[in-house]
S.K.: 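If you scroll down you'll find the structure; I have some questions about it.
Numbering of ligands and ligand atoms starts at 1, following listing order. We use all heavy atoms of the structure for the numbers below, so side chains are in, but hydrogens, waters and symmetry mates are not.
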Amino acid sequence: MKVLVLNGPNLGRLDIRDSSIYGDMTYPALVSHIEGAAKTHGFDADVRQSNDEAEIIGWLHEAADTNTPVIINPAAFTHYSYAIRDAAELVKAPLIEVHLSNPLAREEFRHTSVISGVANGTIGGFGPNSYVLALIALKALVA
Ligand code: DQA
């Protein structure tokens, strides 16, 4: 089964982001990590990253139209993009929100997620394994 794994702004530059928060895995290594874990759990992961809100919304429309499950790290859009929230709500297949860091343990503006309310669940704080845990949760949801 296909899963769309969508990553928001600045995640493509993990190589230069604060490694004490995001770890030291580069974005290409993260993609390999996700693809490998997806295979292990019986999924074919289509992993994408964009800094552009409109592009992410288009990908969510694609997931809605093709009934494809989604794992999404909306990055900073998590905290304020009602447009991404509304697009995520259109996805009727399972949709899981993930974060590398634990936003609730960070600055106050990160304590709000406008996406969580339309996600099946949220996983954060486990670095690249947040995505692996999301794949395991997804497997149970689609079983
Ligand atoms: C993030 C957390 C967000 O607050 C932040 O803006 C990001 C990454 C995470 O994966 O920990 O860019 O979504």
S.K.: Closest approach of Val118 and Leu95, non-hydrogen atoms and distance?
M.R.: O-CD2, 4.3 Å

S.K.: Using a 6.0 Å cut-off, check whether atom CZ of Phe109 has over 12 heavy atoms from anything other than its own residue.
M.R.: yes

S.K.: Under a 4.0 Å heavy-atom cut-off, what residues line ligand 1?
M.R.: Arg17, Tyr22, Asn73, Ala75, Ala76, His79, His99, Leu100, Ser101, Arg106, Arg110

S.K.: Do any N or O atoms from the side chain of Glu97 and from the backbone of Ser116 form a donor-acceptor pair under 3.5 angstrom?
M.R.: yes

S.K.: Please confirm whether the backbone N or O of Ile136 pairs with a side-chain atom of His41, one donor and one acceptor, at under 3.5 Å?
M.R.: no

S.K.: With sequence neighbours left out, what residues match Glu107 under salt bridge (charged side-chain N to carboxylate O under 4.0 Å, His left out)?
M.R.: Arg110

S.K.: Answer yes or no: is there an ion pair linking Lys39 with Glu35, defined by an N-O contact shorter than 4.0 Å?
M.R.: no

